[in-house]
Each structure stands twice: as structure tokens, then as C-alpha cells.
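Please read the structure below before turning to the comments.
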Amino acid sequence: MIDKINSLKAELETLTAKSEAEVEELRIKYLSKKGAVSLLFNDFRTVPADQKKTIGQALNELKNIATEKINGLREQLSEAESGTESIDLTRTPAIMPLGSRHPLSIVRDEIISIFSRLGFTVAEGPEIEDDWHVFSSLNFAADHPARDMQDTFFIQRNPDVLLRTHTSSVQSRVMEHSQPPIRIICPGRVYRNEAISARAHCFFHQVEALYVDKNVSFADLKQTLLYFAQEMFGPETKIRLRPSYFPFTEPSAEMDISCNLCGGKGCSFCKHTGWVEILGCGMVDPNVLDACGIDSKVYSGFALGMGIERITNLKYQVKDLRMFSENDRRFLEEFQSAH
């Protein structure tokens with residue numbers, strides 16, 4: 001019995017068919033009531049009791065092999081026929097819809113292009129950072145609120161390993177390994193532990209700029225900001241600077257631009273003030289320069305930082321931050337003409 005089973009297995013492996021009719025003939029030959037497999041099952045009654053388990057398992061395996069082989073031949077023929085019928089080599093190919101660059105990428109590249117005209121080069125750094133580069137080297141006190149768990153994502157509850165909360169960490173890394181003049185722009189993704197809403201997200205994108213050299217003054221910073229604002233939002237754009245506070249700059253300021261929707265006359269977008277805040281800036285604190293190995297008595301510098309989502313909102317009036325990360329094709333297609 002075992003020899004007959006093995007012989008049938010070898011025979012099944014060599015089966016081929018060129019038509020549905022041949023497949024049906026094979027099915028009848030092996031799996032019908034009078035087929036070869038069925039006849040072996042009839043002979044099973046004569047098998048000694050001590051061999052029934054082994055022979056029974058072999059017969060079941062044989063039946064499965066025969067069924068799979070014949071079904072496989074039928075599927076191969078079906079696929080070959082459908083494929084031959086569906087291909088028309090003379091037909092004009094279907095037009096594939098073109099993709100679109102993401103609005104954040106469009107604005108990021110435009111920001112980089114503007115600063116590159118002023119001599120700034122792109123610098124990048126890791127998104128998983130340590131406390132020194134994100135906080136300590138940037139003059140954050142040990143009890144500063146930004147160190148709180150509610151603002152920062154720490155890795156495995158390790159207070160020294162975290163997801164960077166700003167791209168200023170790139171600035172500290174560059175200053176550690178370079179000597180002035182330093183003129184860099186640092187684009188990248190950052191993370192903060194915030195509830196996701198139309199106005200906030202747990203990750204977003206920043207661009208920060210740093211210029212360190214001898215005799216760098218606040219006037220240099222102001223002229224750089226004015227050039228950027230007018231290149232990004234139009235030559236009629238005005239700017240104003242308001243005193244502010246950041247641990248790594250002193251003095252510090254926040255910059256507003258005249259509302260690009262109402263031209264500074266006042267509307268609902270600018271809350272009828274005529275001004276819209278877009279970035280923070282200031283002169284690099286001497287403590288930061290010294291911590292990064294740069295002599296603050298010889299060199300000075302300025303730094304500025306902005307959210308790319310914020311600039312994109314102002315440029316294209318996107319009111320919901322969640323749209324930037326939902327991969328809605330309808331939303332992305334609106335920016336095809338902005339390339």
C-alpha cells in the first residue's frame with residue numbers, strides 16, 4: 001500500500017495540463033469515485049490494524065497533494081487566459097496622476113533659499129538628543145519649565161536622553177566643533193508633549209539660524225529679519241520687534257510682520273491688530289558661547305527660530321495643523337501649482 005501511495009505522489013508531481021478539459025480529465029482520473037486515490041481508500045479496509053494509522057495519514061496526505069495539484073493547474077490556466085485577454089499592446093497607457101510636494105517641504109526649501117542668499121549653509125543633527133545639547137549648553141536652568149515631562153518626550157524615563165524640543169541643539173553641536181565665523185540654518189523636525197489639536201501637535205518642524213562672528217550686532221539681526229520677511233511675504237511687508245525672553249539669547253525679541261491678508265489694516269486673521277507674530281530671535285547669550293567653547297569676549301552672534309507650520313499657515317492660510325500630517329491627497333493636490 002505504501003509503495004502504491006508513493007508511486008502516485010511521484011506521478012502527481014509530473015502532471016501538466018494545457019486546457020480546462022485536460023484538468024477535468026485529471027480530476028476524474030485521480031479524485032472521482034473511481035479515481036486512483038479513491039480506489040486506494042477502498043483498499044484501506046484490508047490494511048492490518050497495526051498499520052491503519054500510518055497508512056491513513058499517508059492516504060490523507062496523498063489526497064491533499066492531488067487536490068492542490070489539480071486546483072493549481074486550474075488556477076494557472078485561468079490566470080494565463082485572463083492575462084492574455086486583458087493586455088492590449090496597442091492601447092494608449094492610462095495617465096498616472098502626478099504627485100505633489102508637501103507644503104511644508106515647499107516652504108522649508110523657500111526659507112533655506114532665502115537664507116542661502118545671505119551666506120547661510122544648512123546644518124543638521126540627530127532628533128534623539130541628550131540633555132546637554134538641548135538644554136544645558138543653551139543656558140537652560142535646572143528648574144526651567146521646558147525640562148518638565150509635560151513638555152519633553154524622554155526616552156525610557158532617562159532624563160538625559162530625549163526627543164529634541166527645538167533645533168537649537170544643532171547650533172550647540174556646530175559651535176562645539178567649529179570656530180567663527182559661523183553662519184548656519186538648521187531645519188528639522190522637533191517634538192513636544194502637547195495635545196493634538198487644530199493649533200498644536202506633538203511634532204512639528206522648525207528652522208533656526210545662527211550667525212557668530214566678530215562685531216555682530218542687533219542691527220545685523222534686524223536687517224536679516226527684514227530681508228527674510230520681504231522675500232517670503234512680499235516687498236511691502238513691515239516688521240516690528242517686541243522684547244521677549246529666551247534662555248539662550250539676551251536681549252531677546254519676538255518678531256511680528258504686517259498682516260499679509262489685510263496689509264496691516266486689521267482683520268480677523270490678525271485679530272484686528274494689523275500684525276502677526278512669526279518668530280523669536282535675539283543676541284546669543286555669552287554663557288552659551290562660552291559653554292560651547294567660543295570666547296564671548298571676542299565673538300558675538302545672533303540666533304532666530306521659526307515654526308515652518310506657522311509660516312506655511314501665513315503663506316497659504318491653512319488653519320488646521322493636523323492637515324499637514326494626515327496625507328489627504330485632496331489637500332496635497334492644492335499645492336501642485338506652488339512648486
Could you go through residues 118-127 and list every donor-acceptor pair under 3.5 Å that involves a side-chain atom there, pairing it with any protein atom two or more places apart or in another chain?
{"unit_1": "Glu127", "atom_1": "OE1", "unit_2": "Tyr191", "atom_2": "OH", "d": "2.5"}

I'd like to check Val276 versus Arg310 (side-chain heavy atoms, cut-off strictly below 4.5 Å). Are they in contact?
yes
Salt bridge or not between Glu333 and Arg329? Use side-chain N to carboxylate O under 4.0 Å.
yes
Using the six-membered ring wherever Trp is involved, compare the ring planes of Phe246 and Phe248 and label them parallel, tilted or perpendicular (cut-offs 30° and 60°).
parallel
Quick check: Phe302 with Phe218 (ring centres under 6.0 Å apart)?
no
Within a strict 4.5 Å, meaning less than it, do heavy atoms of the Asn287 and Glu250 side chains meet?
no
Does any part of the side chain of Met232, heavy atoms only, come nearer than 4.5 Å to the side chain of Ile257, both counted from C-beta?
no
Taking NZ, NE, NH1 and NH2 as the nitrogens, is one of them in Arg173 or Glu176 under 4.0 Å from a carboxylate oxygen of the other?
no
Here the gap from Ser300 atom OG to Leu221 atom CG, rounded to the nearest 0.5 Å, amounts to 11.5 Å
Side-chain contact, heavy-atom cut-off 4.5 Å: Phe228 with Leu304?
no
Taking atom types as modelled and ignoring hydrogens, do the side chains of Thr67 and Asn64 form a donor-acceptor contact shorter than 3.5 angstrom?
no
Test item: Thr273 and Asp256 side chains (from C-beta on) under 4.5 Å apart, heavy atoms
no
For a 4.5 angstrom cut-off between non-hydrogen side-chain atoms, does Ser172 reach Val134?
no
Looking at Arg117 and Glu231, is any side-chain nitrogen of the basic one under 4.0 Å from a carboxylate oxygen of the acidic one?
yes
Taking C-beta and beyond as the side chain, do Thr224 and Tyr211 meet within less than 4.5 Å on heavy atoms?
no
With a 4.5 Å cut-off on side-chain heavy atoms, are Leu225 and Leu241 touching?
yes
